[in-house]
Amino acid sequence: MQEIVGEALARRLADWGVDTVFGLPGDGVNGLMEGFRRQRDRLRFVLVQHEEAAAFMATGHAKGTGRLGVCVATSGPGAIHLLNGLYDAKLDHAPVLAITGLPETSVLGSQYQQEVEATLLYQDVAAYNLAVTNPQQLPGVVDIAIRHALANRTVAHLSFPSDIQVAAASADPYRHVSPGTPSASSPSFATPLMPATHEELARAAEVLGAGRKVAMLVGIGARDARDEVLAVADALGAPIVKTLPGKQVVPDDHPLTTGGLGLLGTKPSEQAMEECDTLLMVGTAFPYGKYLPAPDQARVVQIDHDASRIGLRLPVEVAVTADARLALRHLLPLLTRQADRSFLTRHQRGRDEWRADMRALRDASRSPVAPQYLVGCLDELAADDAILTCDSGTVTTWSARYWTIRGGREYYLSGNLASMACGLPYAIALQHAFPGRQVIAYVGDGGFAMLMAEFLTAVRHQLPVKVVVNNNNAYGQILWEQIMLGYPEYAVRHQQPEADFANWATGCGGYGVRVTDPGQVPDAIRAALAHPGPALVDCLVNPNEPPMPGKIRYEQAKAFTESFLRGQPHRVATLATVARDKINQLRS
Ligand code: FAD
C-alpha cells in the first residue's frame, strides 16, 4: 500500500520515541487518522471527549516525563479547543506538538466550512507554526517542529490540509532543510545540559559566602537537582523555600525546608524572605514580587538555564546561566560551610510552629467536612510514590499545605496559566505514562465539571486513576478573592443541590462514593485507592472555610472586615469557621 502523508507523519513521530498521541478525530483529519491507524502498533491513540483535554493530556505527559507530548485535533473547532491546554504548555515550558487539520487546499480562502486560519490563530502560542502544503516537506518539518518544541521547551504546531494528508508521501523528500535524524540512543533529542562558567560560579560563591542570612528559593527548574539543592543549602545554612511547582524538588518533611512561598505559602518562608541578606534563586521565575526581598535588602544570585528568565523579578548581582544540577554541583566545592546556623534554626523553629498550626486545622470532628481534613486523609493514605495532579482553586491551597512530598511523590498543576480543568486530563496522561503508579487528581467541583466527561476516557481506557473532588459547590478561590478585595461575594456560589459526581462516576462504569460526613472520609479514600479501576470520591466540604494566607497583612484584614460591613452573605457561618480554626490553633 502506498504510504500517505498521514502515515509518514505518524511513522516519524514514532521514530522520535513518541508512543502516545492524545486527540479527537474529525473530518478535517481523516487522512491523519488513517496514518495513525497504520502505525497503531507503535503509537497509542488516546481518544478523548474534548480537544482541550487532549492538549492538557499532552502537556501533563510532557511535564511528568520530560518528553514530547503530542495532541491532534480537527480543523476549525477542534483546533480552537486545543488552545487553552497549549497555553498551559507554553507558560510552564512543556514541549508539546499540536497537529491540526485544514480544509483541502483547493477551497482555502473561499470561506469554506471549518475554515479557520490555524497558523494565524496559533501565532502567539506556537514557537514553530506551519501549514504543510507539499508532501515533500515531510519528514523535514516534523523534525524541525519537534526540535523547536524540545529545544525551547515550548509548543510547536503543524497543520495539514485534508488533501495533503492523503497525498502520496514522497520517496524523494525535499532535502534543503537537512532534517536531523533521531538516533536510537537519544530518540527524544535531549538538549545538552548547559554548564556554568568558572567565573560565574566563583562570583556566586563569593556573594553567597559573604552572606550571614542566606535563603534559597527553588523552583521546578531544580527538579532534577534534589541532592545538589540539599547539599548547597546545608553548606550555606540556608532555609530552602519552594515555589509551588517546585514543591517536589525536596521532601516537605526535610529539616532544611520551610515549604512554599506566596499566598499559598507558609509563614516561615515569608519571614525567611523578609529577613535574608542574600538570596540564591534556582530554576524559578516566581511571579509574586511582594513576597520577595525588598529592593536593596538582599544580594541575589540566580541560576537559570535560560538567560532571558534571569532578573525578571529582582535585580540580580550574579547571573549563572546554566543547568541547575550542574551549576550547584560545581558551586558546592567553592563554598565554605557556614558556621553560624542561627538564621536556619530560627526559621526551622518557625516551620515547626507552622506545621502544628496546620495540623490543628485538620479537624476530624467538623461538619461539614473541613477541606483540610479531606486532603490530610488523602495525604496520609496515598502511596509514597503517588503522583498528585491538582486543579486551580482552593484545592491549590489545600494541596500546597497538606499534600506532603515524601519518597518519590510528585505534584503537578497549571502553574503559570493557572487554568482550571487540568487536573483530570493530567492524571489520565500520567497514568498512561506510569501504569504502575498511583495517580490521583485532586480537584474542585468547578474544575472537575469543566472536563468531567474525561472520567469516561479513564473508564474506557481502563486507567485506574483516582479522583478526589473537594465539592464546595462554589468557585471558592474567587469567593475569597472577592472578599479580600473588600467586596461581598457575588455570583460565585451555585444554587443547591450540589452536583452528585459519585453518581456520574458510577454512571460511567467506574467506582464512585459520596461523602457528607467526616467519619466517612478515611474509609471512602481507602476504598477508592484500593479499587482496581477508575474511582472517584465526591466529598461535600465546608464552603466557608477560608484559605488564609500564611501571614495575614493589615490590608487583607481590613478588606476582609470591609466586605462584611458591605453586606457579605454567609457572615455568620464564615465567622464561626474562622473562630473555630483559631480556637483549634490555640489549643494545639
Ligand atoms: P516557572 O515559572 O516555570 O520557572 C521555572 C524556571 O526554571 C524557568 O525560568 C526555567 O527556565 C528554569 N529551568 C527549567 N529547567 C531548568 C534547569 N534544568 N536548570 C536551570 N533552570 C531551569 N506559586 C507559588 O509559588 N506560590 C503561590 O502562592 C502560588 N499560588 C498559586 C495559586 C493558584 C490557584 C495557581 C494555579 C498557581 C499558583 N502558583 C503559586 C503558581 C505560580 O503561578 C507560578 O506558576 C509559580 O510560582 C512558578 O514556579 P516556578 O518558578 O517554579 O516555575
Side-chain angles (χ1 to χ4, degrees), residues 22 52-71 82-98 122 124-128 146 148-157 188 191 217-225 242-249 260-264 281-288 303-306 308-310 312-313 323-324 387-393 395-396 399-400 403 405 410-430 433 439 441-443 447 450-451:
F22 304 95
E52 182 180 356
F56 274 133
M57 288 177 198
T59 304
H61 174 92
K63 286 183 179 182
T65 64
R67 296 170 60 196
L68 184 75
V70 180
C71 52
L82 285 182
L83 280 172
N84 192 47
L86 294 179
Y87 270 101
D88 183 36
K90 175 183 166 163
L91 270 61
D92 279 351
H93 324 285
V96 168
L97 173 64
Y122 278 56
D124 180 49
V125 77
Y128 185 80
I146 292 177
H148 266 271
L150 289 172
N152 303 310
R153 305 195 66 74
T154 191
V155 176
H157 170 232
S188 61
T191 317
L217 177 61
V218 303
I220 187 66
R223 165 187 160 140
D224 296 327
K242 302 188 286 183
T243 68
L244 190 52
K247 188 175 175 57
Q248 57 187 315
V249 175
L261 183 68
L263 207 55
L264 279 54
M281 297 171 73
V282 188
T284 175
F286 178 84
Y288 316 110
I303 302 173
D304 199 298
H305 68 175
D306 180 348
S308 72
R309 309 269 299 165
I310 294 183
L312 282 180
R313 316 292 178 215
D323 170 67
I387 301 174
L388 191 86
T389 66
C390 181
D391 228 294
S392 299
V395 283
T396 323
S399 65
W403 174 254
I405 294 296
E410 293 174 45
Y411 176 80
Y412 296 99
L413 81 163
S414 168
N416 288 302
L417 185 63
S419 173
M420 291 172 72
C422 60
L424 177 59
Y426 278 8
I428 288 174
L430 291 168
V439 183
Y442 171 58
V443 296
M450 284 183 178
L451 286 175

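The first residue in the sequence is number 1, and the count goes up from there. Heavy-atom basis, side chains included; hydrogens, waters and symmetry copies ignored.
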*Asks:* At their closest point, which heavy atom of K247 faces which heavy atom of I405, and how far apart are they?
*Replies:* O-CG1, 3.5 Å
*Asks:* What is the distance from atom CZ of F286 to atom CG of L261, rounded to the nearest 0.5 Å?
*Replies:* 3.5 Å
*Asks:* Nearest heavy-atom pair of A324 and A225: which atoms, and what distance?
*Replies:* C-CB, 4.4 Å
*Asks:* To check you understand the geometry: which heavy-atom pair defines the closest contact between G64 and L430, and what is its length?
*Replies:*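 Heavy atoms of G64 and L430 come nearest at CA-CD2, 3.7 Å.
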*Asks:* Should L424 and L451 be marked as a side chain to side chain contact (heavy atoms under 4.5 Å, CB included) after you check the CA-CA gap, both sets of side-chain angles, and the distance that decides it?
*Replies:* CA-CA 8 Å; L424 177 59; L451 286 175; 5.9 Å; no
*Asks:* So, applying side-chain hydrogen bond (donor to acceptor under 3.5 Å, both in side chains) with S414, which one of T59, D88, N84 is it?
*Replies:*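 When side-chain hydrogen bond (donor to acceptor under 3.5 Å, both in side chains) is applied between S414 and each of T59, D88, N84, only D88 qualifies.
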*Asks:* Compare every heavy atom of G69 with every heavy atom of A62, then report the nearest pair and how far apart it is.
*Replies:*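 Where A62 meets G69 most closely, the heavy atoms are CB-N, 4.0 Å.
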*Asks:* Using modelled atom types and a 3.5 Å cut-off, is there a donor and acceptor pairing between side-chain atoms of Q248 and backbone atoms of Y411?
*Replies:* yes
*Asks:* Between Y122 and L82, does a side chain to side chain contact (heavy atoms under 4.5 Å, CB included) hold up when you go through it step by step?
*Replies:* CA-CA 10 Å; Y122 278 56; L82 285 182; 3.5 Å; yes
*Asks:* Classify the ring geometry between F56 and Y426 as parallel (under 30°), tilted (30 to 60°) or perpendicular (over 60°).
*Replies:* perpendicular
*Asks:* Nearest 0.5 Å, what's the OG1-OH distance between T243 and Y288?
*Replies:* 10.0 Å
*Asks:* Taking all atoms of both residues into account, what is the closest heavy-atom pair of A89 and V155, and its distance?
*Replies:* CB-CG2, 3.8 Å
*Asks:* If you round to the nearest 0.5 Å, how far is CG of L150 from CZ of R67?
*Replies:* 10.0 Å
*Asks:* Measuring from I303:CD1 to T284:OG1, what's the distance to the nearest 0.5 Å?
*Replies:* 12.0 Å
*Asks:* Going through the checks in order, is the side-chain hydrogen bond (donor to acceptor under 3.5 Å, both in side chains) test met by R309 and H93?
*Replies:* CA-CA 12 Å; R309 309 269 299 165; H93 324 285; 3.0 Å; yes
*Asks:* Checking L97 against I146 for the side chain to side chain contact (heavy atoms under 4.5 Å, CB included) test, could you report, in this order, the C-alpha distance in whole Å, the side-chain angles of both residues, the deciding distance, and whether it holds?
*Replies:* CA-CA 7 Å; L97 173 64; I146 292 177; 4.2 Å; yes
*Asks:* Going by the rule salt bridge (charged side-chain N to carboxylate O under 4.0 Å, His left out), which residues pair with D124 if we only count those two or more places apart in sequence or in a different chain?
*Replies:* K90
*Asks:* Could you report the tightest heavy-atom contact between G423 and D391, atom names first, then the distance?
*Replies:* N-OD2, 3.1 Å
*Asks:* Could you give the distance from CG (L86) to SG (C71), rounded to the nearest 0.5 Å?
*Replies:* 5.0 Å
*Asks:* A side-chain contact here means heavy atoms from C-beta on lying under 4.5 Å apart; do W403 and Y442 qualify?
*Replies:*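 With C-beta onward as the side chain, the pair stays apart.
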*Asks:* For a quick check under 3.5 Å, do Y412 and D92 share a side-chain donor-acceptor pair by atom type?
*Replies:*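 Short answer, no.
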*Asks:* If you round to the nearest 0.5 Å, how far is CE of M450 from OG of S419?
*Replies:*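 It is 7.0 Å, given to the nearest 0.5 Å.
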